[in-house]
Amino acid sequence: PSLIPSQYFANILSERENAEIVLYENLYKNIFFYKALYFFRDLLPHSYRNIYRSFGAKKKFFTDYSESIIARANEIYLKEFHKLKSKEDVLKLKLEGVEVGELLYDFYLANNNKPTIDINDNSFKTAMQQFFRLFYYWDLYFKKNEKKVKAMIVSHDVYHYAIPLRIAINLDIPCYTVGHGQCFYLNKENLRKKTRFNKYKEDFDKLSNEIKSKGIKESKKILEKKFSGELTFDKANNAPVDVNLFKKSNSQIRLSNKKKILVATHCFTDAIHAYGETLFTDYYDWIDFIGKKTIDSEYEWLLKAHPAQYEKNLDHLKYFEKKYENFLLLPKKISHFELINNDVIGVLTMYGSIGYEYPFFGIPVINASNYNPHNAFNFNYCPKTINEYSDLIDNIQNLKFDKEIYRSEIYEYYFCNFLKDYYLFDDHIKIVEELGKNYSSPLVYQKWIENFSTQKHNDIIKKIDRFIESKVHRLLKDNH
């Protein structure tokens with residue numbers, strides 16, 4: 001579905017800048033193999049290449065590495081690697097004045113399925129060399145083409161995908177992340193799309209009473225469906241799962257009579273720094289810190305994996321369950337209501353959606369990152385230091401929380417985070433809920449054709465053109 005807004009952005013920018021639309025493949029290894037694979041794949045009648053051609057993207061190039069690029073990358077790699085004393089130093093890495101540390105960190109974890117970094121591991125050294133070669137390819141590309149490149153559109157602002165993005169931003173080239181749900185303008189002030197959450201409350205308060213009232217009413221309606229076990233668009237929009245955790249279920253697990261603390265874990269390898277800086281270097285360090293809290297604890301500590309990445313993270317979580325005997329790894333299909341009704345007194349997360357889900361039922365949530373979607377509101381605890389985080393966990397049973405007070409804020413948050421964006425479908429929520437898991441399939445194009453009109457087409461062009469001209473961070477509905 002992201003190809004629909006991408007073609008609008010590409011053509012509008014092309015016309016504004018009198019520039020051609022050019023595609024690229026951001027390859028970092030097995031270059032010959034992938035070139036051959038993409039060449040034959042692009043010959044297929046229903047290939048993505050033909051979709052791109054249909055809206056004017058006729059040229060395409062691949063990243064490739066000359067001897068001079070490899071030599072330059074290796075030279076800088078040796079220099080920078082010897083500066084590294086710990087994995088924390090990786091996050092501080094800059095190349096040619098461009099911040100790339102967290103990109104390299106997350107690139108390595110994702111491509112090697114590692115929960116953390118050992119800087120002396122050969123697999124990390126290899127990943128660092130690959131990353132540096134890709135960086136210096138793009139560094140040279142922009143030096144040769146800086147005046148020609150008028151704008152950049154990307155689908156991801158993380159991992160190695162963001163290398164050309166960060167270089168372009170550093171050169172003040174307009175950059176956009178364009179997705180099926182949200183579209184953003186990125187610059188030096190906003191390097192990431194997942195930012196400016198701290199403005200949610202302020203922005204909401206500026207809205208007209210009519211928009212506020214409609215927003216809260218729509219939020220209430222959707223959350224009622226969500227907590228009744230229906231698949232709502234905020235979940236269908238994300239990674240597909242084969243289980244709805246707000247449905248009543250019976251996992252057959254026996255929990256003790258102790259009070260419980262739920263640890264809502266994340267995927268150890270999934271762009272852990274997408275929101276920016278966190279209290280801990282990675283999820284491994286975070287879970288290990290909590291594990292030490294479980295020793296001689298009076299509580300039962302429940303480890304819950306996200307169902308979309310349950311199998312992928314199972315071995316990592318079993319490691320911690322074995323290391324800390326007071327951890328209990330929960331089954332994939334356990335219902336949230338089984339936990340809510342079983343003496344869970346608090347939840348620990350880095351920045352997950354559980355940060356608004358459990359407070360809705362009066363259970364406090366402590367984040368391990370101050371950069372999270374909920375930090376503008378009072379229904380979450382967002383400590384700024386590890387010491388503050390530690391104190392909150394130690395006093396979790398005494399945290400005061402009134403769900404009736406905070407539910408109104410949760411409705412405001414839900415509206416700000418999910419319902420303010422400008423979607424190309426007139427009734428985006430309805431389309432996503434109708435298609436469900438098929439939303440990310442070619443069936444979405446059938447829905448697009450069914451809902452297409454010349455008037456709508458022209459309205460979209462005007463809206464995106466105004467957004468590009470405005471240079472605001474996020475593409476929102478009118479008056480939002």
Side-chain angles (χ1 to χ4, degrees), residues 26-32 34 63-144 146 156-171 188 191-192 268-289 316 319 350 368-369 371 385-386:
N26 207 26
L27 306 178
Y28 63 89
K29 66 177 181 179
N30 301 329
I31 308 298
F32 178 79
Y34 283 109
T63 52
D64 207 347
Y65 308 109
S66 64
E67 290 183 5
S68 61
I69 290 175
I70 293 173
R72 174 66 171 158
N74 287 345
E75 175 190 354
I76 302 301
Y77 158 74
L78 291 172
K79 177 182 175 182
E80 293 297 332
F81 179 78
H82 288 299
K83 291 181 183 178
L84 300 179
K85 304 303 179 186
S86 67
K87 63 182 181 180
E88 288 78 11
D89 290 337
V90 176
L91 294 175
K92 303 172 186 175
L93 180 67
K94 289 186 178 182
L95 295 177
E96 309 301 326
V98 179
E99 295 180 16
V100 295
E102 86 276 14
L103 303 182
L104 170 59
Y105 204 109
D106 294 356
F107 166 76
Y108 170 71
L109 298 186
N111 285 281
N112 293 273
N113 193 28
K114 298 280 189 178
T116 192
I117 284 180
D118 175 355
I119 60 173
N120 294 310
D121 192 301
N122 285 334
S123 63
F124 174 70
K125 295 176 183 178
T126 298
M128 191 170 176
Q129 289 172 316
Q130 292 170 337
F131 188 92
F132 276 44
R133 289 176 185 177
L134 190 57
F135 179 90
Y136 281 99
Y137 169 87
W138 283 110
D139 181 61
L140 180 61
Y141 178 87
F142 279 103
K143 283 177 179 176
K144 289 181 176 179
E146 181 180 353
H156 294 76
D157 62 343
V158 293
Y159 309 130
H160 64 295
Y161 304 116
I163 291 175
L165 174 67
R166 291 286 176 90
I167 296 174
I169 289 173
N170 202 51
L171 295 171
K188 291 175 182 176
L191 283 176
R192 306 171 184 87
F268 283 84
T269 61
D270 184 16
I272 64 177
H273 298 98
Y275 290 87
E277 185 179 353
T278 64
L279 295 183
F280 299 91
T281 309
D282 50 35
Y283 296 144
Y284 181 96
D285 285 359
W286 171 55
I287 299 295
D288 198 56
F289 178 88
H316 302 322
Y319 164 81
M350 188 72 82
S369 170
Y371 298 95
T385 67
I386 290 179

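Across all their heavy atoms, A274 and R192 have their closest contact at O-CD, 3.3 Å. Of all heavy-atom pairs spanning K114 and S123, the tightest one is CE-OG, 4.1 Å. Closest approach of W286 and A368 over heavy atoms only: NE1-CB, 3.5 Å. Residue L91 comes nearest to E102 through the heavy atom pair CD2-CA, 3.8 Å, listed as atom of the first residue, atom of the second, then distance. Closest heavy-atom contact between T278 and I272: CG2-O, 4.4 Å. The two residues L104 and A127 have their closest heavy-atom pair at CD1-O, 4.2 Å.
Here Y161 pairs with H156 under the ring pair (Phe, Tyr, Trp, His ring centres under 6.0 Å) rule; sequence neighbours left out. Annotation: salt bridge (Lys or Arg N to Asp or Glu O under 4.0 Å) contacts of K29 (sequence neighbours excluded): none. Scored by the salt bridge (Lys or Arg N to Asp or Glu O under 4.0 Å) test, K79 finds no partners at all (sequence neighbours excluded). Applying the side chain to side chain contact (heavy atoms under 4.5 Å, CB included) criterion to N26, with sequence neighbours excluded, gives Y24, T63, L134, W138, H160, P164. Taking the side chain to side chain contact (heavy atoms under 4.5 Å, CB included) definition, one finds that L279 meets it with P383, I386, Y389, sequence neighbours left out. Considering only residues two or more places apart in sequence or on other chains, E99 meets the side chain to side chain contact (heavy atoms under 4.5 Å, CB included) condition with K94, R166, L191. Partners of Y136 by ring pair (Phe, Tyr, Trp, His ring centres under 6.0 Å), not counting sequence neighbours: none found. D285 meets the side chain to side chain contact (heavy atoms under 4.5 Å, CB included) test with K87, E88, F280, T281, D282; sequence neighbours excluded. For Y34, there are no ring pair (Phe, Tyr, Trp, His ring centres under 6.0 Å) partners two or more places apart in sequence or in a different chain. Every residue two or more places apart in sequence or in another chain that forms a salt bridge (Lys or Arg N to Asp or Glu O under 4.0 Å) with D288 is listed here: K292, K323.
The ring of Y275 has its center no closer than 6.0 angstrom to the ring center of Y371.
Taking CG of D106 as the reference point, atom OG1 of T269 lies at 9.5 Å (rounded to 0.5 Å). Put simply, OG on S66 and CZ on R72 are 12.5 Å apart, with the number rounded to the nearest 0.5 Å. Here CD1 of I167 is found 8.5 Å from CD of E96. Values are rounded to the nearest 0.5 Å. How far CD1 of I119 is from CG of D89: 7.0 Å, rounded to the nearest 0.5 Å. If you take CZ on F132 and CD1 on I69, they are separated by 15.0 Å, rounding to the nearest 0.5 Å. How far CE of M350 is from NE2 of H273: 7.5 Å, rounded to the nearest 0.5 Å.
At a threshold of 4.5 Å between non-hydrogen side-chain atoms, the residues Y28 and N111 count as touching. By the 4.5 Å heavy-atom criterion applied to side chains, F135 and Y77 are not counted as neighbours. I287 has its side chain out of reach of H316: every pair of non-hydrogen atoms, C-beta onward, lies at least 4.5 Å apart.
By the 30° and 60° cut-offs, the orientation of the rings of F81 relative to F124 is tilted. In this structure, F131 and F107 have tilted ring planes: the angle between them lies in the 30° to 60° band.
Checking side-chain atoms of Y159 against main-chain N and O of A271 turns up a donor-acceptor pair under 3.5 Å.
Here salt bridge (charged side-chain N to carboxylate O under 4.0 Å, His left out) pairs that include residues 135-144, with residues two or more places apart or in two chains, are D139-K143. For residues 115-137, there are no salt bridge (charged side-chain N to carboxylate O under 4.0 Å, His left out) pairs, not counting sequence neighbours.
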Original post:
Going through the distances and angles, do T116 and Y105 end up as a side-chain contact (heavy atoms from CB on, under 4.5 Å)?
Top reply: CA-CA 9 Å; T116 192; Y105 204 109; 4.0 Å; yes
